[in-house]
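Taking it in order: structure first as structure tokens, then the write-up.
None of the values given here were measured: they were computed from a predicted structure.
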Amino acid sequence: MPGPVTMDEWKPNPVVKPHKKRSWYLAWKYKLMNQRALRKLCQTGAVLFLLVTVIVNIKLILDTRRAAYEEEEESTQDYDDEMLNVEVPRHPASTRKILDVEVYSSRSKVYVAVDGTTVLEDEAREQGRGIHVIVLNQATGHVMAKRVFDTYSPHEDEAMVLFLNMVARGRILIFTIKDEGSFHLKDTAKNLLKSLGSQVAPFLSWRDMWTFVGKKGGEVYGEKHAKSPALSTWGDPVLLKTEVHLTSMEDAECHWPDTELNRRRRRFCSKVEGYGSVCSCKDPTPIEFNPDPLKDNKVFDVPVAVIAGNRPNYLYRMLRSLLSAQGVNPEMITVFVDGYYEEPMDVVELFGLAGIQHTPISIKNARVSQHYKASLTATFNLHPEAKFAVVLEEDLDISVDFFSFLSQSIYLLEEDESLYCISAWNDQGYEHTAEDPSLLYRVETMPGLGWVLRKSLYKEELEPKWPTPEKLWDWDMWMRMPEQRKGRECIIPDISRSYHFGIVGLNMNGYFHEAYFKKHKFNTVPNVQLKNVESLKKDAYEIEIHRLLGEAEVLDHSKNPCEDSFVPDTEGKVYVMFIRMEQEADFTTWTQLAKCLHIWDLDVRGNHKGLWRLFRKKNHFLVVGVPASPYSSKKPSSVTPIYMEPPAKEEGAVAVPAVAAAEQT
Amino acid sequence: MQKINRNVVLALLTAASLVFLLFQLSYYRFYLSQKNAAVFSKGRGSQSGQDSTRWHVVRKFLGLISSQNIPVYLIDPLVLGLIDKDIEQIRSSSDGPSPECKYFCAPRDFTTFALLDKTWKHEMDLFRTAEKMGFQWLKILNKDPRLDGMDDLSGTEIPLHYIFKLASHAIHLVVFYERSGHYLWHGPLRLKQHMDRKFVPFRKLHFGRYPGAYEKPELLLASIDDLKVQIPKNPSSFLEEISHSRFLECRYREARAFFQLYPDDASLDAVEFRKKAKSLLHLAALTLNNLGVKFWLSSGTCLGWYRQCNIIPYSKDVDLGVFIRDYKADIIPAFQKAGLPLKHKFGKVEDSLELSFQGEGDIKLDIFFFYEEDDHIWNGGTQAKSGKKFKYLFPKFTLCWTEFVELKIHVPCETLQYVEANYGPDWRVPVKMWDWKSSPSNVQDNGVWPVDEWDDVIQIY
């Protein structure tokens with residue numbers, strides 16, 4: 001530090017001080033000036049460096065800002081769902097605690113309005129007669145079920161009692177009569193209505209008008225009644241206006257443990273009514289079944305398409321039986337609902353299955369046909385690796401060994417080109433004509449009602465020429481046509497693995513069901529080991545038939561085949577009879593025989609080259625059409641084929657089979 | 001005094017740069033702290049280098065999915081890129097601990113995994129467990145494309161993407177669906193209105209900008225940075241697939257509108273032709289794929305796909321395009337071996353090459369070879385009797401996957417331009433009378449083959 005020291009020394013001459021300092025500075029400057037070039041270089045370098053730093057920094061700031069901006073931009077552009085930019089309107093949580101309910105009852109019109117929204121309106125002529133019932137959720141006011149019971153007709157009151165008993169306590173019930181609802185309203189039903197709080201129900205009589213709103217197991221919100229003054233006239237229309245107090249959500253729901261299953265159950269039970277114990281608070285019936293898995297299950301990966309319409313109660317029953325069948329794989333099940341119906345989808349969700357809705361195309365049978373096509377195409381699209389699909393309908397019960405039956409037989413479809421399908425249904429398998437759960441047949445007709453379709457058949461043959469919507473054809477009749485079937489056959493079991501319980505359908509009415517389906521045999525034995533599946537292949541089957549015919553005992557052709565005594569009182573034997581069948585399409589005698597045996601006679605089913613196989617009195621019973629059948633050669637020359645004449649045709653008798661042919665889908 | 005001023009300027013600049021430097025430093029620190037929010041204590045990773053957030057999140061995620069028995073596999077392009085370099089070592093290495101964290105420790109926003117839809121259920125349980133473990137999750141649903149081509153089926157929406165976020169790292173789980181044509185498909189990632197746009201920086205995702213199509217990969221269970229994880233057995237070919245995976249859905253809605261206007265021909269002949277054309281296309285695809293020759297739907301077949309999602313029943317042949325650089329001399333013998341004899345060969349490899357093979361029935365398989373120029377692509381045509389040459393010009397295009405008659409197959413991504421170049425602006429209107437020499441709107445005369453070359457460039461069998 002020489003500076004300060006010199007300063008002290010030079011005190012008497014203060015002027016010099018700055019000079020001295022300056023000289024030091026100058027010296028430094030001079031020194032630098034001596035290295036002028038270097039200094040210049042340094043300076044420029046520094047300035048350049050600084051400038052670059054500044055620019056880079058500014059760029060960095062701009063970049064980060066832009067990146068942040070782009071991030072926002074991009075996420076709102078590239079990744080935006082252009083399809084779904086419509087905001088879904090949310091229902092504001094209803095804060096109202098009171099519902100206004102209006103119920104109208106008259107001869108030709110009924111309606112129910114809740115809070116100004118019409119939830120039921122029926123003024124169609126010749127329809128909707130009887131007691132209309134609506135169930136509301138006591139917490140939300142939503143409609144949970146809508147039914148009409150034609151209590152003018154017999155037994156409908158029983159159905160109503162059954163339904164009302166299934167409704168959970170606390171639900172709001174609305175009743176209204178259209179036209180007539182008392183003629184077959186028996187005491188049991190009247191008493192039930194009385195127990196719900198109705199004062200009038202016990203005295204309801206011919207053509208009275210009546211409306212009633214009450215809570216199951218609780219208060220009555222209102223009731224109105226108009227007596228019919230005379231037999232020939234109706235009571236005056238009545239309009240009931242009342243208020244219903246909503247309860248809290250907690251009170252309206254059961255307190256099931258919080259599991260995935262119960263969450264599904266809760267969602268279901270708060271939406272719909274009429275499914276009985278599945279919504280019981282105390283002891284709800286299970287919705288997961290976990291049946292035993294099948295050993296070596298060949299159909300575990302085969303997709304199952306359930307074809308459904310708007311019959312949710314049927315679908316519920318059907319899915320229960322399907323999910324209880326051994327070897328079922330719920331992952332492979334898809335339910336196809338024809339139309340935008342909510343309740344069938346609710347049922348599908350309850351069981352945790354996949355459901356697909358189909359916009360209805362065309363009308364009547366063509367609509368069903370289009371629905372089938374869409375469902376089958378979708379099934380193979382969803383399961384591109386599948387070689388087969390199982391096709392079921394919503395009005396079938398499924399046998400416990402349904403998948404076991406398919407698992408044992410499905411390889412036939414793969415190996416035998418002459419097969420069209422495997423079906424779980426035997427058209428001729430009635431209580432009195434089917435016996436052996438391990439026995440399979442080959443038949444020329446396609447029974448449907450639970451069957452397996454080969455993908456190649458569908459993709460290569462059926463799909464491209466499936467009847468178009470404007471052709472009002474039945475899909476199954478179309479599939480049975482020779483152009484499609486091309487002489488191929490289906491494998492069926494002797495005892496059906498499905499049961500057709502449907503009554504109210506497009507193609508079905510009560511009479512037909514009673515006559516043709518109710519007494520159908522249905523296998524309930526699990527794990528049936530099928531007998532000699534290999535013999536169902538084309539050539540092996542002929543050997544098998546010849547063997548059977550060779551061992552069969554020829555029945556006494558002088559007796560009446562309709563009589564029970566036609567077949568001896570034995571068990572486990574094989575009998576054969578010969579009927580007249582002039583050519584391949586001559587089914588005159590067969591139809592008469594089928595009629596008197598009380599089996600399917602509306603069209604010809606279950607034949608294989610002019611041969612029918614069934615059971616009578618626990619004996620295997622073969623019917624051979626002579627001379628059309630190739631098996632005619634087995635007929636002893638002494639035997640004359642039986643001929644049965646059709647009864648004289650009555651007016652309109654022709655129309656019946658024509659219509660009925662469509663019945664069995 | 002001027003010199004001093006200069007020094008002042010210098011000092012000022014120094015100060016400014018220092019300030020910037022400080023700012024930079026602090027910004028960087030801020031940035032870092034945002035990236036690696038210190039959720040995990042440093043002590044948790046047993047080895048040095050494995051204390052990265054990413055590694056922990058991946059480990060947690062793998063724990064989560066294995067607790068739910070969901071098989072996932074790694075498809076992250078960056079990690080697979082690293083893995084690919086050491087693939088031999090990874091394949092052969094035993095379970096011994098790896099010395100350092102090489103793959104999952106590079107700081108990234110995402111790690112991407114894939115899931116096959118068939119192996120997927122009980123979603124709710126997964127989410128609950130994930131939440132318990134501290135994950136935030138996002139699910140992206142959309143329409144099921146497998147039902148898209150169907151007349152008015154509305155299935156429930158299917159999950160396409162899941163994102164699980166923990167701390168500063170997110171796991172992107174892409175759901176793959178198997179579709180007709182034996183391939184895997186994943187959907188695009190599209191956010192719906194109410195979704196959190198800032199949940200993760202979606203822009204940086206490797207999957208989801210477009211839908212994609214992939215072969216079913218063979219998997220390998222490997223130990224990567226001490227984590228047991230499934231990876232594609234051959235990462236390099238998978239990485240190669242990623243770069244060309246973009247998938248185009250057929251325009252089913254437009255096709256339906258087309259059929260409203262021009263009802264489909266459902267005659268037996270049409271059904272029969274379509275069946276044969278489909279099997280010819282399947283055979284051609286099999287043959288070319290076996291040779292490793294890239295090809296796409298061209299001309300009428302491409303138009304059929306684009307306009308009506310089907311084979312045009314009156315088109316009489318199947319048309320494919322191949323870049324001339326992909327030409328292989330084996331093509332002709334391979335087709336012959338597949339039962340498709342050569343019908344004619346026009347042009348030569350250097351110019352206007354075109355091959356025709358005779359399929360079953362009267363159906364012909366045409367393979368046009370495309371030549372790339374700077375600003376366009378062209379293929380050639382030859383009239384057999386006159387030796388006239390034609391040139392068909394197309395704007396440049398890239399290739400995308402699509403599904404057609406149950407095949408995963410290429411089409412030009414810029415299909416509209418391609419079709420318009422070939423068929424003009426009125427391509428929507430069916431034309432049954434088509435002359436390949438004059439009808440296309442992109443045809444040009446291209447001279448005549450020299451007569452002495454005819455034997456070579458016009459071969460008819």
Side-chain angles (χ1 to χ4, degrees), chain A residues 29 43 46-47 49-51 53-54 56-58 60-61 64 70-76 78-88 260 263 330-331 334 336 340 345 349 352 354-361 370 373-375 377-378 380-385 459-461 464-466 468, chain B residues 3 6-7 9-10 13-14 16-17 20-21 23-24 27 31 118 121-122 124-125 140 142-144 146-147 149-156 177-183 188-195 197-199 201-205 208-209 263-264 266 268 270-272 274-275 278 406:
Chain A
K29 211 169 84 178
Q43 257 185 3
V47 168
F49 171 75
L50 288 176
L51 271 174
T53 323
V54 168
V56 164
N57 268 298
I58 287 170
L60 181 96
I61 291 168
T64 38
E70 264 176 17
E71 222 159 273
E72 234 166 277
E73 270 295 283
E74 290 271 352
S75 64
T76 50
D78 267 29
Y79 293 93
D80 256 8
D81 192 333
E82 75 277 7
M83 297 295 292
L84 283 134
N85 272 348
V86 200
E87 190 74 27
V88 184
E260 168 101 41
R263 255 172 274 148
E331 298 293 309
T334 311
F336 295 91
Y340 290 107
M345 288 303 274
E349 269 171 41
I356 288 173
Q357 288 175 310
H358 180 216
T359 314
I361 296 169
Q370 292 310 304
K373 183 188 181 188
S375 306
T377 304
F380 288 120
N381 279 356
L382 291 173
H383 303 281
E385 73 291 358
K459 278 284 167 191
E460 283 160 29
E461 299 183 37
K465 50 180 184 179
W466 196 273
T468 44
Chain B
K3 295 214 165 135
R6 212 189 264 177
N7 286 322
V9 168
L10 220 103
L13 272 171
T14 316
S17 85
F20 271 121
L21 239 154
F23 166 76
Q24 231 170 346
Y27 182 82
Y31 180 75
K118 269 209 291 188
K121 52 183 174 181
H122 296 312
M124 286 318 287
D125 286 347
I140 283 116
N142 219 325
K143 277 188 310 187
D144 189 338
R146 297 169 300 179
L147 301 177
M150 312 274 323
D151 292 339
D152 312 304
L153 279 191
S154 61
T156 35
Y177 290 85
E178 185 172 347
R179 293 183 54 174
S180 306
H182 299 287
Y183 69 99
L189 192 153
R190 298 290 177 267
L191 297 172
K192 291 183 184 170
Q193 197 126 74
H194 59 273
M195 283 181 177
R197 253 139 253 275
K198 299 229 171 90
F199 188 72
F202 290 100
R203 193 176 62 103
K204 292 186 189 160
L205 293 177
R209 182 173 292 259
D264 200 13
L268 262 177
V271 168
E272 207 46 36
R274 279 186 172 148
K275 195 176 153 186
K278 178 180 164 182
E406 288 162 68

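Using modelled atom types, one side-chain atom of A:Asn381 and one backbone atom of B:Arg146 make a donor-acceptor pair closer than 3.5 Å. Proximity of a side-chain donor or acceptor of B:Arg190 to a complementary backbone N or O of B:Arg209 within less than 3.5 Å is detected.
We find that B:Glu406 and B:Lys278 are joined by a salt bridge, their nearest charged nitrogen and carboxylate oxygen being less than 4.0 Å apart. Between B:Arg274 and B:Asp264, at least one side-chain N (NZ, or NE/NH1/NH2) sits under 4.0 Å from a carboxylate O, which counts as a salt bridge.
Among the candidates A:Thr377, A:Thr334, A:Leu51, the residue making the largest number of heavy-atom pairs closer than 4.5 Å to chain B is A:Thr377. Of all the listed residues (A:Glu461, A:Lys459, A:Lys465), the one sharing the greatest number of non-hydrogen pairs under 4.5 Å with chain B is A:Lys459.
If you measure heavy-atom distances from A:Phe380 to chain B, the contacts under 4.5 Å come from the backbone alone.
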